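The structure appears right after this line, and notes come after that.
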Amino acid sequence: MRVLVDARDKLGVRWQNSENEKHGMFVMSFENKAGMPVEPCTFQLYVPALQALWSDSGIQEAYGRRSEFQLESIRKDERQGVQLQLDQQCGSSPRFCEVLEVKELHSESVKYFLDNLDRIGQLIYVPSRQDILLARKATKGIVEHDFVIKKIPFKMVDVGGQRSQRQKWFQCFDGITSILFMVSSSEYDQVLMEDRRTNRLVESMNIFETIVNNKLFSNVSIILFLNKMDLLVEKVRKVSICKHFSDFRGDPHRLEDVQAYLVQCFNRKRRNRGKPLFHHFTTAIDTENIRFVFHAVKDTILQENLKDIMLQ
Ligand SMILES: Nc1nc2c(ncn2[C@@H]2O[C@H](COP(=O)(O)OP(=O)(O)OP(=O)(O)O)[C@@H](O)[C@H]2O)c(=O)[nH]1
Ligand SMILES: [Mg+2]
């Protein structure tokens with residue numbers, strides 16, 4: 001909310017209710033000491049102000065313009081020197097404001113949590129499964145998960161996607177059978193938090209290019225997940241991809257055209273296109289969708305690696 005209050009100010013958007021100026025100042029005065037978790041009783045003090053602010057059309061307008069700044073919050077220890085840019089306002093002399101943290105949230109989940117303030121603001125609040133799926137916790141380090149399906153052991157290694165995390169990837173590349181490459185398909189109009197310039201999808205395509213053409217992985221099945229389908233569906237309706245990708249041909253507001261273009265962009269990055277590109281459009285917060293996709297992926301991995309598995 002502090003990012004939104006700040007952005008409303010920098011974007012020059014008026015309050016709907018001038019009383020909310022006070023609520024905005026109250027929320028801005030919040031100090032989260034050393035990134036400690038916020039106690040429920042402390043959080044409760046802010047709930048009425050958060051509710052009033054969220055229902056103000058000024059904050060809603062700032063939220064609607066979120067692609068012009070970074071709504072993602074980051075931990076206090078990482079935010080030193082990090083700024084968010086309000087592109088449209090800046091012109092040739094950029095104006096910046098600091099990224100402020102309320103709690104770790106992903107920009108697209110902000111609406112969900114703020115819409116649910118009545119429930120979340122209660123002292124006896126216990127997170128639902130949906131709340132947990134929508135909360136943002138960036139992967140720092142390397143997280144391993146072992147599981148067995150039909151007597152075949154799998155080891156899933158999860159690495160962080162942010163630039164600062166990528167130097168850790170090479171530690172995990174030994175003896176792998178498959179790479180599941182996750183991309184946010186809906187971020188075609190957004191820039192990276194890390195440099196506020198590079199288009200997020202362009203960055204993903206470039207990393208994919210490095211991975212998919214690496215000789216180390218000539219025998220590794222690489223499966224592309226074009227994730228956040230739910231957000232892609234919404235975005236395609238409102239935001240034309242042509243503005244960000246000038247070589248797009250087709251109807252920018254037709255989901256199938258945008259999907260086909262995205263697959264083509266990633267496919268073009270592969271030097272060896274002898275085999276089709278394995279890809280799936282997914283919604284990671286939809287557990288049914290993931291259950292279905294996971295089984296398909298498991299079969300692909302097993303088929304692709306059958307020979308190796310039989311030899312073990
Ligand atoms: N709406 C929607 N949100 C999603 C989807 N997948 C992930 N998210 C949200 O996006 C945010 C980031 O998800 P993570 O799982 O932390 O992403 P990640 O790729 O592991 O990020 P790093 O750990 O930094 O590499 C979370 O708030 C998720 O709830 C999706 O398919 N749809
Ligand atoms: Mg992660």
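All values derive from a computational prediction rather than experimental measurement. Order of appearance sets the numbers: ligands from 1, and atoms from 1 within every ligand.
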Polar atom proximity, [X] to ligand 1 (N or O, under 3.5 Å):
X: Leu133; value: yes
X: Ala138; value: no
X: Arg136; value: yes
X: Thr282; value: no
X: Leu134; value: yes
X: Leu231; value: no

For ligand 1, which atoms have a heavy atom of [X] less than 4.0 angstrom away?
X: Lys137; value: 16 (O)
X: Gly161; value: 22 (P), 25 (O)
X: Gly160; value: 25 (O)
X: Ile285; value: 1 (N), 2 (C), 3 (N), 4 (C), 5 (C), 29 (O), 30 (C), 31 (O), 32 (N)

Can you confirm if the NZ or CZ of Arg66 lies within 45° of the ring axis of Tyr63 and under 6.0 Å from the centre of its six-membered ring? yes

Just to be sure I read this right, does ligand 1 sit under 4.0 Å from the backbone of [X], its side chain, both, or neither, counting only heavy atoms?
X: Ala284; value: both
X: Asp158; value: neither
X: Ala135; value: backbone
X: Thr139; value: both
X: Met182; value: neither

Considering the options Asp257, Val183, Ile241, Leu224, which one meets the side-chain contact (heavy atoms from CB on, under 4.5 Å) requirement together with Leu262? Ile241

[X] side chain near [Y] side chain, heavy-atom distance below 4.5 Å:
X: His279; Y: Phe266; result: no
X: Ile207; Y: Glu203; result: yes
X: Tyr46; Y: His23; result: no

Just checking Phe292: does its CZ atom have more than 12 heavy atoms from other residues, nucleotides or ligands closer to it than 6.0 angstrom? no

Nearest heavy-atom neighbours spanning Val191 and Arg200: O-NE, 2.8 Å

Should Arg8 and Asp56 count as an ion pair when the cut-off is N to O under 4.0 Å? no

Can a donor-acceptor pair be found between the side chains of Lys168 and Gln171 at a distance below 3.5 Å? no

Quick check on the 6.0 Å ring-centre criterion: do Tyr188 and Phe245 meet it? no

Does ligand 1 have an atom that lies less than 4.0 angstrom from a heavy atom of Lys228? yes

May I ask which of Thr283, Asp286, Asp230 has a heavy atom nearer to atom 2 (C) of ligand 1 than the others do? Asp230

Let's go through Met28 and Asp6 carefully: what are the C-alpha distance in whole Å and the side-chain angles of both, what is the deciding distance for side-chain contact (heavy atoms from CB on, under 4.5 Å) to 0.1 Å, and is it a yes or a no? CA-CA 8 Å; Met28 291 306 270; Asp6 203 18; 4.0 Å; yes

